Amino acid sequence: MASELQQAALENGTAAAPHAGPHADATARTCAACWRQPTPSRRVRATDSPVIAKSKAIIAASGRTDVASLAQGVVHWPPPAAALAAAAAATAAAAADPAGAAAAALHSYGPTLGLPPLRAALRRALAAAGLAGYEPVVTPGANAAFTITLLTIADADDAVALFAPTYFNHRMAVQMTGGAAALVTGPLRPDLRPDLDWLEAVLQRSGGGGSARPPRVVVLCNPNNPTGVLLAREELDRAAALTGAAGAWLVIDNTYGQFVYEGRQHYCPAGPHSEFRA
Ligand SMILES: Cc1ncc(COP(=O)(O)O)c(C=O)c1O
């Protein structure tokens with residue numbers, strides 16, 4: 001394995017060719033002249049750079065200081081005071097008794113699926129959104145949730161469909177877990193809504209390998225980053241019906257589900273997935 005990686009590094013020009021004579025330092029296992037840098041995996045090398053980093057590089061290269069990047073939005077409001085107070089109380093209790101239970105609760109492993117009171121609160125929130133009976137799993141952020149979801153429901157050779165433009169990390173997660181060839185990119189209509197006629201057509205493909213495979217996973221982002229479009233109940237129900245009939249997963253990133261204008265309602269369809277039900 002190591003020699004294959006080293007060979008790949010040599011072929012990619014990222015490693016120095018080994019020298020013919022003895023090592024400069026005979027006691028070292030390697031010396032600088034014969035060190036061959038192994039490369040990251042082909043999947044990672046074929047993964048996009050984050051648009052945030054690309055924008056920063058373009059602005060830096062321009063030498064201008066009067067340009068603002070809109071590639072990343074960062075909330076400007078602080079966490080709720082109650083959350084800050086609870087965090088401060090927890091760390092104070094741990095500091096007061098470093099060998100006690102309060103300290104252990106902070107630094108040792110917790111329940112794998114998330115803290116029970118947090119999961120109970122999430123269950124209530126899901127039920128209020130019409131998604132009763134589901135078992136929420138707590139992850140360190142939505143990107144981790146998305147990557148874990150892909151690893152759970154798709155194999156490396158499965159096709160994953162998403163609509164461009166969409167949240168850049170979704171593309172990157174597919175590229176990293178399945179490889180660039182796993183990506184099937186669907187179009188938006190002129191009104192920036194996903195073209196569900198296209199989705200219907202690709203889901204009805206018979207397969208046969210290569211890009212002709214029907215997607216096993218379809219990804220939507222609602223409201224969408226970057227377009228801001230909030231999908232209608234009918235569109236979401238149609239996407240759910242199409243994927244359900246094709247035996248494909250529908251994954252919806254609802255990160256901005258509460259960022260809707262007054263008078264509009266965020267909606268998330270539910271499938272009869274026994275795996276994730278309580
Ligand atoms: C649509 C969408 N999903 C997920 C994320 C990332 O979420 P997290 O920081 O919780 O991983 C973002 C952040 O910009 C996002 O826009």
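Quick caveat: nothing in here was measured; it's all calculated off a predicted structure. Each ligand, and each atom within it, is numbered from 1 in the order the structure gives.
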Does ligand 1 come near enough to Asn225 that some N or O of the ligand is less than 3.5 Å from an N or O of the residue?
yes

Atom 7 (O) of ligand 1: which protein heavy atom is closest, and how many Å away?
Ala142 CB, 3.4 Å

Just do the side-chain contact (heavy atoms from CB on, under 4.5 Å) check on Leu162 and Tyr167 with the steps written out, would you?
CA-CA 10 Å; Leu162 40 82; Tyr167 178 48; over 6 Å; no

Subset of ligand 1 atoms that lie under 4.0 Å from at least one heavy atom of Gly141:
10 (O), 11 (O)

Contact check, Phe146 vs ligand 1, heavy-atom distance below 4.0 Å:
no

If the test is side-chain hydrogen bond (donor to acceptor under 3.5 Å, both in side chains), which one of Asp48, Asn143, Thr147, Asp253 qualifies with Asn169?
Asn143

How are the rings of Trp198 and Phe163 set relative to one another: parallel (under 30°), tilted (30 to 60°) or perpendicular (over 60°)?
perpendicular

What are the two closest heavy atoms between Arg216 and Asp158, and how far apart are they?
CD-OD2, 2.7 Å

With a heavy-atom distance limit of 4.0 Å, tell me whether Asn143 approaches ligand 1 through its side chain, its backbone, both, or neither.
both

Please report whether atom 9 (O) of ligand 1 has a protein non-hydrogen atom at a separation of less than 4.0 Å.
no

Atom 14 (O) of ligand 1: the protein heavy-atom neighbour that sits closest, reported with distance to 0.1 Å:
Tyr256 OH, 3.3 Å

Where is the tightest heavy-atom contact between Val44 and Pro40, given as atom of each residue plus distance?
CG1-CB, 4.0 Å

For Cys221, atoms of ligand 1 separated by under 4.0 Å from a heavy atom:
1 (C)

Looking at atom 13 (C) of ligand 1, what's its closest protein heavy atom, distance included?
Tyr167 OH, 3.3 Å

Walk me through it: do Leu230 and Tyr261 pass the test side-chain contact (heavy atoms from CB on, under 4.5 Å)?
CA-CA 10 Å; Leu230 176 70; Tyr261 289 107; over 6 Å; no

Which atoms form the tightest heavy-atom contact between Cys268 and Leu131, and what is the distance?
O-CD2, 3.7 Å

Short list, please: which atoms of ligand 1 are under 4.0 Å from a heavy atom of Asp253?
1 (C), 2 (C), 3 (N), 4 (C)

